Amino acid sequence: MKLIFALLLFLTISSASVVDEYLNTLTKEAKIENPSFSGFDLKKGEEIFTSKHIGKKGKEVSCVSCHGDDLSKTSKNFFTAKEIEPLSPTANSQRFSEVKTIEKWLRRNFNDVYNREGTAQEKGDVITYIINK
Amino acid sequence: MKLLILLAALASVVLASSYDKKGVAVATDKLYIKECGACHFAYQPGLLPANAWQKMMSNLENHFGSDASLAKEDFDSISKYLNKNSAEKFMNYKRSARIVNSLRVGEVADSISKTPYMIEKHKKIREDLITQEEVKGIFNCTACHTTAQKGIYSEKDIMIPNFGRWED
């Protein structure tokens with residue numbers, strides 16, 4: 001029992017460190033993009049996540065269109081109706097547990113909603129919003 | 001005697017071109033199911049010939065209007081899986097054979113829904129039942145085919161949302 005507990009604790013800490021480490025990487029990139037970079041901004045992240053834009057498919061969408069208003073709940077892909085597991089790492093421990101996966105979805109979804117990739121600042125802002133919501 | 005030989009020859013041709021299995025071979029590759037199944041039903045590779053899969057994979061940055069790009073190693077692995085299990089290599093499965101045989105010589109399908117066999121099989125369904133929220137389009141196999149995950153697309157297993165069973 002103690003062992004399971006220790007393992008769970010270890011997993012929690014190690015998954016937290018994946019996103020923290022990734023945010024550190026983004027911080028370094030953001031400082032190169034902008035020397036007066038002053039940290040990631042949850043409010044700006046919220047704006048990035050919830051505002052609507054004419055996306056890659058030519059339809060007005062936001063991140064919310066697929067991930068829903070409540071990030072602790074499952075939602076549905078706006079275009080395919082396929083179920084999407086909760087995005088919040090507090091509700092779904094699989095989220096933000098692997099840098100490769102984080103980067104893949106940021107690249108794809110910025111392209112889908114904004115028709116371009118996000119800057120380091122934008123990626124950090126939106127992650128800060130998601131993990132704290 | 002001549003007639004017998006002719007009959008035997010005819011029978012062998014018929015048998016060689018017929019299938020002995022229902023439906024389509026199930027999708028088994030974990031990476032394929034995880035990556036492609038994240039946004040839509042993980043279609044069985046036997047639903048399209050290799051040339052169509054290759055065409056689709058060559059433009060994942062704009063995959064039916066979405067960015068579905070993959071890391072290089074995953075792209076290679078999934079491409080290989082699709083190529084190894086594509087429809088023309090599994091002609092002993094009814095649906096694979098029907099799809100392949102419906103395509104014109106040299107025709108490379110843009111999607112499963114656009115193959116002549118699929119168009120034919122779905123043409124009698126009312127448009128509003130296809131575009132309704134629960135279905136969204138012909139691409140959403142599992143919305144009506146309750147056994148699609150098993151590679152079975154029989155009429156008796158169809159249940160259309162807000163309509164019910166389908167009898168042709």
Side-chain angles (χ1 to χ4, degrees), chain A residues 18 22 25 48 52-68 71 74-89 92-119 122-123 126 130, chain B residues 27 30-44 47 56-57 59-78 110-114 128-146 148-149 159-163:
Chain A
V18 168
Y22 185 59
T25 313
I48 290 167
K52 285 189 167 185
H53 304 267
I54 300 293
K56 202 176 168 78
K57 266 188 195 266
K59 281 206 171 153
E60 198 177 47
V61 287
S62 71
C63 307
V64 177
S65 304
C66 287
H67 290 291
L71 302 187
T74 53
S75 54
K76 266 186 180 181
N77 183 304
F78 182 73
F79 295 108
T80 69
K82 173 92 189 185
E83 202 164 271
I84 300 176
E85 296 295 316
L87 184 57
S88 164
N92 179 0
S93 61
Q94 298 281 85
R95 294 296 191 188
F96 298 95
S97 60
E98 193 189 44
V99 170
K100 181 181 164 184
T101 309
I102 303 172
E103 288 189 323
K104 177 184 76 182
W105 286 114
L106 283 171
R107 178 185 72 240
R108 287 178 172 184
N109 292 353
F110 261 100
N111 274 327
D112 289 336
V113 178
Y114 288 83
N115 258 312
R116 62 167 176 83
E117 289 198 31
T119 62
E122 289 170 327
K123 289 190 268 190
V126 81
I130 295 164
Chain B
K30 284 205 172 83
L31 183 71
Y32 170 75
I33 294 167
K34 174 176 169 258
E35 290 298 333
C36 306
C39 297
H40 53 67
F41 172 54
Y43 308 102
Q44 287 86 12
L47 292 172
M56 196 179 290
M57 291 296 284
N59 193 19
L60 284 183
E61 286 71 22
N62 189 356
H63 185 65
F64 303 97
S66 290
D67 183 346
S69 55
L70 290 161
K72 173 86 170 71
E73 66 272 20
D74 297 337
F75 175 87
D76 290 344
S77 170
I78 289 170
D110 285 321
S111 69
I112 300 163
S113 324
K114 296 267 170 66
D128 62 306
L129 291 175
I130 296 168
T131 54
Q132 63 174 323
E133 212 32 41
E134 292 91 335
V135 181
K136 294 214 180 243
I138 290 292
F139 64 84
N140 192 0
C141 310
T142 51
C144 307
H145 294 275
T146 59
Q149 299 276 7
M159 182 60 89
I160 303 176
N162 303 310
F163 180 82

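These numbers come from a predicted model, not from an experiment. Naming convention: chains lettered A, B, ... in sequence-line order (proteins, then strands); numbering from 1 in each chain. Just the heavy atoms: all of them, side chains too, but no hydrogens, waters or symmetry mates, feed the values below.
Within the 3.5 Å criterion, the main-chain N or O of Asn62(B) finds no donor-acceptor partner in the side chain of Lys56(A).
With a 4.5 Å cut-off on non-hydrogen atoms, Lys104(A) touches chain B through its side chain but not through its backbone. Neither the backbone nor the side chain of Ala143(B) comes within less than 4.5 Å of any heavy atom in chain A.
The greatest number of non-hydrogen atom pairs below 4.5 Å with chain A, out of Glu73(B), Glu133(B), Glu134(B), is found for Glu73(B). Between chain B and the options Asn77(A), Asn111(A), Asp112(A), heavy-atom pairs under 4.5 Å are most frequent for Asp112(A).
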Chi angles and distances behind the salt bridge (charged side-chain N to carboxylate O under 4.0 Å, His left out) call for Lys100(A), Glu103(A): CA-CA 5 Å; Lys100(A) 181 181 164 184; Glu103(A) 288 189 323; over 6 Å; no

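Pairing each heavy atom of Thr80(A) with each of Phe139(B), the nearest pair is CA-CE1, 3.6 Å.
Between Tyr43(B) and Phe41(B), the ring-plane angle classifies as perpendicular under the 30° and 60° cut-offs.
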